[in-house]
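Have a look at the structure below before the remarks.
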Amino acid sequence: SSGPGSARRCPRGLRLPRGARAPWAAVTAFLPRRYLLYASGDFVKVHSVNTEETLGLLCGHADLVTGIQLNPHNHMQLYSSSLDGTIKLWDFMDGIPIKTFTVGPKLLALYALASAEDSVFVVIPKQGERDTFQLVSVKLTKGAGQDLEGKELSVVLDGVGASPKQIAFGREDSYVVSVKDVNLQVYFFKRKLLNRFSLNSAKTKGADNRFSCVVCHPTEDCIATGHADGKIRLWRNFHHKKAYTYSALHWHHDTVMDLAYSLEGTRLLSGGVESVLVQWHNESSCQKDFLPRLGSPIECISMSSDGVLCCTLHTDNRITIINSNLRFSRSIQGLIKSRDVKTGLVVDPRTKALVLNGEPGHLQFYSLQSDQQLFSLDIVQRQYIHQAGLKQSDLVKVTFSARGTWLATVEESEEVADPELQLKLWFYSEETQSFALNTRINTPHDNHITDMCFRDMGELGDDSLILVTAGRDCVFKVWVMVEDSDPEAHQSVSWSCDFVGSYHNYQATNCCFSEDGSLLAVSFEETVTVWDSHTWDLKCTFCHPPGNIRNICFGRLTCSKYLIGATDYGFLCCWNLLTCALEWSAHLNIVVLQPDPLSEHIAAVSWLSKESSLFVFKPSEPWPVYIQRNLCKEKILLAVFVPRDEPETISSEKYLWLRKSQLFFLTDTQELMTLSTKSLEERLTPSSKQLAVEESLPVTPFSVLLGKHRHQQAQEDIDLGKPVVHNKQEQASPAVKELLHTPAHVLPSASFLCTIFINSLLISKENKSAEEVADEVEMESEKAEDESDEEDVTAMEQEDTSHMELLGEMTCKLSKSQEKELRKIRKMDFSWISAF
Amino acid sequence: MAAYKPVVVQACPKLGERITQDTLYWRGYKTPVQIKEFGAVNKIDFSPVPPYNYAVTASSRIHIYGRYSQEPIKTFSRFRDAAYCATYRDDGRLLAAGSEDGSICLFDVSGKAPLRQFEGHTKPVHLVGFLSDKYRIFSGSDDYSSKLWDIPSATEIISYSEHTDYVRCGCASKVNADVFITGSYDHTVKLFDARTKSSVMTIEHGHPVESVLLFPSGGLLVSAGGRYVKVWDVLKGGQLLVSLKNHHKTVTCLCLNSSGQRLLSGSLDRHVKIYSTTSYKVVHSFNYATSILSLALSPEDETIVVGMTNGVLNVKHRKPEEKNENSQKKRQPAYRTYVKGRSYMPKQEDFCVSKPVKRVLRKYDKLLRSFQSSKALDAVLEPPIMLHTPEVTVAVMQELHRRGTLRSALAGRDEKQVNLLLTFVARRVIEPRFTPVLVIVADMITDIYQPVVGQSAIVDKQFLKLQQAIGKEIDYQEELLEVLGMMDTLFATFTKKRESCLEENKSNGVTEIIETNRNY
């Protein structure tokens, strides 16, 4: 729909889902011990539990995926529902949709039952009424084509909650439970009986006892419900309208976000904002275990289908995998969503990773290329208490030195009046490959720090490194490295204050060094002051009243004589530093001003009447190089240029400024976007990977042994100088591999392939040398076999060279011609498929 | 999953002296022994031979003390008036001293009556010394002259009258038997050679010279006078090497330690400073009760004796060196238990099973981990932590405040605990690094315990103490602000000149010229 150049979501789905629109309704499911599936935005991701690698991406839904469920009759298939009104059946191993059922209305949750073979249950909004939802069963029609209609709806329950956690199916799918507000309703399928229970809200003395989630015991008639006041109630005997009973478990101090029963129903897991996973053993004795400090509030708990693993979904876009004995196993995380990106977007010069607020008090290094968190640096180094109303201290400013060897961070507590400020300087240690704390400065300023920058003088080395901080206490401070004279001190340098500058007691709002580091520009409310960075003399001042200075930056390269500033009242000004005169100004409400570190270009994002527009310009010319009006509807808060690894070849002259770096934006809805020069079709080239079967195989003792043999065989071949055999092996194996890796549904029948495969195993007659060598190998191996037969098991270790020859023999028998033949057939296959 | 993070205790760089080898060495003395003399002690001299007795000249007497004796083992009291500068000869058998009446007496250490008496000076003799050939004595007197005497015949050999003021100090060269130096109140130090009729070298010290010293090599000369200690290179014709100004009152005495590596200077400002003779930096310093007049160090630095103006003799003996070899041997772990397997390098195919590292948490951390706020506060209010590491107590209080549980942790305490808390707060609230936290704590305590004020005398007293401490601090801060204001005025006048050049810059075509002013 959108043409090239318009901002859109990054193809990899770098999206921070948050807000009311996306409840992150991911339901996870495990195949026995191997895959973890989760919904992420419009996609379903397939993840290997063992390697922590994303193996596939199921894309096809046009809107948020709201529910996923393994097909109860075939665990290689997956149902997914989406707000776009469709249910898709996937073969997630290959990443291809098998069927698409179009239902129509928005689907908010999905349940698939083993007992109902041809239908699934979905939650849809009730027609004609707002905020009322119903649980309906959708008959999945059987048809030949891929796109099918799923319009046969029958209402099961009315007035259900919109969240998938508020509906659960009971033992042997005999009843369904739904909770909403203070009401619980149970519907028995066989008896067609609906029982309603409601809690008395008056009894609880003001405590909020509304239901938040519900689960059913897998083997007994028992319902567990979580409540907003932190209680868990276990309901029994609910077949009777009057004689039902319930008991309460209470540990959580806030809403129970989710519950899950273990496979046998012996354990109940619960989680909430405390970010503690609680395991209840026996409901009568209240015996419980805890897994504390999971990092952030638990939103969802899911058990694997074999009951071995359990995973918790957290509010900060993270999945934690937990063993059955309540031990932390591993976690999967993409871009962590923090409450507020206060640090801005910063690029680490060393790794080119995007750096921003991560977990509370942490700095996350996020690789844009691989959509992975590289690492998380603990800045605050304090125990984080998950409790509402606490004044947490968090990271607010981050800056790197030009070469990434120094990192400066500012953390402050949320208190407005008297912030607890700390400035920390971190040095990158080559040995440990991480940042180590060098200097900690308590209360560097008396009030909030508004901006901070290093003097970037890459070629001069770190000796000239200077850090400038600007604060609301009306001063800017210059920090320099001092060498510690004491030889016994454990570090050779530390940082201390060198100069304090102020201007008419105005608050310092921004600071910025010129490219060569000789000038420092500090904005004090309405005025920009320019200082000599050697003598700290005030050189000149610029002002464009009315309006405070919002952003300043120096021009780079050929435009280094210009200083750009944006003011509150919608002016973008360019001053010439040589003549000290205003060069040009433009009437624009600029919110973001970001210079490209590799070129003269400066990107400015304006916000006017509910749309963001992008302007890219060179300071030397008053007219922009590039204008993109109506970039997006949301307000863009931050932008950053990320240098490309290698300059991209861009044909269009319009986008030449994107050659060396890529521009990323963060909007106020916390979505990360980029500007792409390619069209939609180009970007959506199939990126779904085949699931590499070999790679994800668990390591068994046998495979280790086999691997060792194979490895040594290859080694020996090189040692013996048998390049021919070696080559043949190399050529043969991919052919077989390809044959094995082609999805089964695109291959011709097995009988057709059988002969080719067997032929491929035969030894070719054309290649005499190979044959001879093979014979030799065979003879040797026979001998070895004889010997080894007589020997003890202990001797195997010594003789294993001969053994692996025996094993290696099998793989070296595919000739070139046969391989060609095989490839031909494969080509033919594809054409056959397309014809079909 | 993150492990529990212990409370960060703010480490503060320790101000003041660093622990160095020197501090350890010079601290290794026992508590001093004080001996009362009859008058100001003007000279202390150690006998160069064992058992290293020392002669103390004070008033009209010379006392000889044994090394550990607190009573004089011998006294020479045959002086009509004050005696000065009792000095041992190199062999420790003869002792010479000047006196107020201008005569010089020579004693045998074992005898009582003077062996010889040298008459010739007309004014008090403050300086007497032996030349290194043992047969001659040099002297300096308030009659501005210095003389050389022959011991056997008790006659004057030569007299120099070059100084223009009192001659008060001097020293003989150890390498040349004919060379000696004298320092005088005329601000000069003169070097004399007994073979010539006049001084060989004159060094201008700049202040009345109170003490001079020659290095054992004879190449370097140290002079003290006024607040300065100056080191001169004699071989380069009296070139000033270094001038040390570490005292804030007149330096009265100088002394070298036995190895010649350290120089000691005593002063009227009650300090003894110890300098390294390589870097001439102060490596250690001693404090005394009153102004110091004389100072001596026994061979091997076994004893430091300091004489004061009020007649007190302060004697410090070195502690015997601790022999901790035995205890160390005991602590050594058994070889088999601790070294076994340590050197084993795992091979590539080995499975390494590593034992999880057990983290040791402090008591308060354990309690904080389980959210037991009150108990955590109790744990850090224990006297050892509260007294020696107040930063830990304050860090835990801060952490509790962050968690929002400080108020409940402070509440519900009995009289004894409130007393303890208030004592701590009143004592530490004025320390700048603790002030922000402790002000909050003090606020909360007064809030919580306000209803019970008047019920306990002890608690009331502590509240008053807290009030006093804060009042004092406020006064102090006000004073500081006044000083700061004064300094700002001074700086403003100092930077005024620069304004003109800035003015020129500004008059260029800036869009909006705003008057600039540099505020520091």
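All values reported here derive from a predicted model rather than from experimental measurement. In what follows, every chain begins at residue 1, and chains take the letters A, B, ... in the order their sequences are listed. For the numbers below, each heavy atom of this structure counts, side chains included, while hydrogens, waters and symmetry mates do not.
- No more than 12 heavy atoms of other residues, nucleotides or ligands lie within 6.0 Å of OH in Tyr569(A), so this atom counts as exposed by the packing criterion.
- Heavy-atom distances place no part of Gln392(A) under 4.5 Å from chain B, backbone and side chain included.
- Judged as a salt bridge (charged side-chain N to carboxylate O under 4.0 Å, His left out), and not counting sequence neighbours, the contacts of Glu431(B) are Arg428(B), Arg433(B).
- Proximity to chain A at a heavy-atom threshold of 4.5 Å picks out Gln398(B), Glu399(B), Arg402(B), Arg403(B), Gly404(B) from residues 396-411 of chain B, in numerical order.
- Closest approach of Arg440(A) and Val8(B) over heavy atoms only: NH1-CG1, 3.4 Å.
- Looking at residues two or more places apart in sequence or on another chain, you find a salt bridge (charged side-chain N to carboxylate O under 4.0 Å, His left out) between Arg262(B) and Asp22(B).
- Within the 4.5 angstrom heavy-atom criterion, no atom of Glu526(A) approaches chain B.
- In this structure, chain B has no heavy atom under 4.5 Å from any part of Asn576(A).
- Counting heavy-atom neighbours within 6.0 Å of Arg359(B) CZ, excluding the residue itself, gives a total above 12.
- Residues passing the salt bridge (charged side-chain N to carboxylate O under 4.0 Å, His left out) test with Asp378(A), sequence neighbours excluded: Lys5(B).
- Counted within 6.0 Å of NZ on Lys288(A), heavy atoms from surrounding residues, nucleotides or ligands total more than 12; the atom is thus considered enclosed.
- Annotation: Gln467(B), atom CD; neighbour count of heavy atoms from other residues, nucleotides and ligands within 6.0 Å does not exceed 12.
- For OH of Tyr506(A), the number of neighbouring non-hydrogen atoms (other residues, nucleotides, ligands) closer than 6.0 Å is 12 at most.
- Gln383(A) has its side chain out of reach of Leu368(B): every pair of non-hydrogen atoms, C-beta onward, lies at least 4.5 Å apart.
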